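First up is the structure itself, then whatever we jot down about it.
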Number of protein chains: 2
Amino acid sequence: MTKTAPNFEEILREGGYKATPGRVLLLKTLFGEEKPVTVSYLEKKLKSAIDKVTLYRALDSMVVSGVVREVDFRHGHAHYELQILRKHHHHIVCTNCALVEDVDCNTEPFVKQVEKKSKKFDLISDHSTEFFGLCKNCTKV
Amino acid sequence: MTKTAPNFEEILREGGYKATPGRVLLLKTLFGEEKPVTVSYLEKKLKSAIDKVTLYRALDSMVVSGVVREVDFRHGHAHYELQILRKHHHHIVCTNCALVEDVDCNTEPFVKQVEKKSKKFDLISDHSTEFFGLCKNCTKV
DNA sequence: ATTACAAACGCAATTGTGTTGCATTTACAA
DNA sequence: TTGTAAATGCAACACAATTGCGTTTGTAAT
């Protein structure tokens, strides 16, 4: 499962960011993760390379521009994943063991319908959908 | 717009909780709110009646049993609303002014489909869906 | 190459959010 | 009335996230 690493310097510059070593490394790290990760995980993994504050600031600004996506697994803190280079998708989270499975997003028709029905909004630009349940392994018990 | 207050004592007992004054007051307060509120809002509003810790513990346990619902508006902290006595629904949140509009939940077919397709989960017990966009007022600007 | 400057950075301190431990009180069923 | 588990309040703690500010650095224009 080897993917060719994209040119993150270029991606950053195109997004209006400076291609600093820290940000490049952050994107590389996120690219290598299978599932959304927490800030504290990144903090430990990148400790010698990026200061905590820089990490928060980088994540925040990249969430705004859509390079990175923030998801809520109901764990009391945010998880982050790379948004670019992959299809919009959602997650199923096990409420017992925190296992995460990706789910293709097929809600576009529903989103359009919501947009039409809404009285206070003309345009829905984004949505979050997370599913929760017990995974097969945790159901056994 | 006067609603008859439900019997929260009874609701609590049915849910397996003790009907303590604090919890009754908490449910009454949530019942009176139009939109999901933050813990710090509740903390201020109920300061003299419930300690912060009790508030957190009450909310947590009632989220587990489904009396109260926790939602994520991407504001960096949880919002809570009463789940019982109303239909399952979702929200559209303005990314500029934080205006919230309720949306009926019509995703059940989609949920079933996700459940069927999933390799690692047999049963999806719950889901969160929040929509984001600019409200009509903020679009003008 | 050099320079100029906004963007990004690191550190320290601080705020905010949520939790733990423990002794005390209370709702409620027996 | 009483026994008991549930719930409470307080203090202290742990973790998550932010602010202020002086310094460094990537990049575009010279």
Side-chain angles (χ1 to χ4, degrees), chain A residues 7-30 36-65 67-81 98, chain B residues 7-30 36-65 67-81 98:
Chain A
N7 187 337
F8 289 118
E9 279 89 351
E10 205 172 299
I11 288 170
L12 282 166
R13 289 198 198 96
E14 276 167 12
Y17 302 108
K18 284 191 191 175
T20 62
R23 283 173 185 225
V24 172
L25 188 60
L26 170 57
L27 290 186
K28 264 184 195 159
T29 305
L30 287 175
V37 295
T38 63
V39 178
S40 78
Y41 171 85
L42 292 168
E43 230 178 300
K44 278 164 208 147
K45 191 146 192 178
L46 305 175
K47 193 175 338 205
S48 53
I50 315 181
D51 182 77
K52 176 183 67 162
V53 176
T54 306
L55 182 56
Y56 273 104
R57 290 197 270 231
L59 286 171
D60 280 356
S61 79
M62 296 206 236
V63 163
V64 170
S65 73
V67 174
V68 169
R69 189 165 182 85
E70 187 179 340
V71 297
D72 176 32
F73 289 165
R74 296 185 182 167
H75 291 169
H77 47 250
H79 288 242
Y80 295 90
E81 67 181 347
Chain B
N7 187 338
F8 290 116
E9 279 87 352
E10 205 171 301
I11 288 170
L12 281 167
R13 289 196 198 97
E14 277 168 10
Y17 304 107
K18 284 190 191 178
T20 61
R23 285 174 183 223
V24 172
L25 187 60
L26 171 57
L27 290 185
K28 265 185 194 157
T29 305
L30 287 175
V37 294
T38 63
V39 177
S40 78
Y41 171 85
L42 292 168
E43 230 179 298
K44 277 164 207 145
K45 191 146 191 180
L46 305 174
K47 195 175 338 208
S48 54
I50 316 182
D51 181 77
K52 177 183 67 159
V53 176
T54 306
L55 181 56
Y56 273 104
R57 289 198 271 230
L59 285 171
D60 280 354
S61 80
M62 294 205 239
V63 163
V64 171
S65 74
V67 173
V68 169
R69 188 165 183 85
E70 186 180 341
V71 296
D72 176 33
F73 289 165
R74 296 186 182 168
H75 291 169
H77 47 249
H79 288 242
Y80 295 90
E81 67 182 348

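A quick note: this is a predicted structure, and the numbers were derived from the prediction, not measured.
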Interatomic distance, [X] [atom1] vs [N] [atom2] [rounded to whole Å]:
| X | N | atom1 | atom2 | result |
| --- | --- | --- | --- | --- |
| Leu46(B) | dA7(D) | CG | P | 18 Å |
| Ile50(A) | dA17(D) | CD1 | C1' | 16 Å |
| Glu14(B) | dA29(C) | CD | P | 13 Å |
| Leu55(A) | dC11(C) | CG | P | 14 Å |
| Lys47(A) | dC9(C) | NZ | C1' | 19 Å |
| His77(B) | dT15(C) | NE2 | P | 18 Å |
| Phe73(B) | dT17(C) | CZ | C1' | 18 Å |
| Asp51(B) | dT25(C) | CG | C1' | 14 Å |

Got a second to check how far [X]'s [atom1] is from [Y]'s [atom2], nearest 0.5 Å?
| X | Y | atom1 | atom2 | value |
| --- | --- | --- | --- | --- |
| Leu12(A) | Met62(A) | CG | CE | 5.5 Å |
| Arg74(B) | Glu70(A) | CZ | CD | 7.5 Å |
| Leu46(B) | Thr29(B) | CG | OG1 | 4.5 Å |

Taking every non-hydrogen atom, the tightest pair across [X] and [Y]:
| X | Y | answer |
| --- | --- | --- |
| Val39(A) | Tyr56(A) | CG1-CZ, 3.6 Å |
| Val71(B) | Glu81(B) | CG1-OE2, 4.2 Å |
| His79(B) | Pro36(B) | ND1-O, 3.4 Å |
| Leu30(B) | Tyr80(B) | CD2-O, 3.9 Å |

Is the phosphate of dG9(D), meaning OP1 or OP2, less than 4.0 Å from a side-chain N or O of Thr54(B)? yes
So, does Tyr56(A) get its side chain near the phosphate of dT18(D), meaning an N or O under 4.0 Å from OP1 or OP2? no
Ignoring hydrogens and angles, answer whether the base of dG18(C) and the side-chain atoms of Lys52(B) contain a donor-acceptor pair closer than 3.5 Å. yes
Considering every strand and a 4.0 Å limit on heavy-atom distances, what is the contact class for Arg23(A): base, sugar-phosphate, or nothing?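 Sugar-phosphate, backbone atoms only, no base.
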Starting at the 5' end of nucleotides 24-30 of chain D, put B wherever the base has a protein heavy atom under 4.0 Å, S where only the sugar-phosphate does, and a dash everywhere else. -BBS---
Toward the 5' end of DNA chain C, by each residue's nearest nucleotide, Arg57(B) or Ala78(B):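 Looking at DNA chain C, the more 5' nearest nucleotide goes with Ala78(B).
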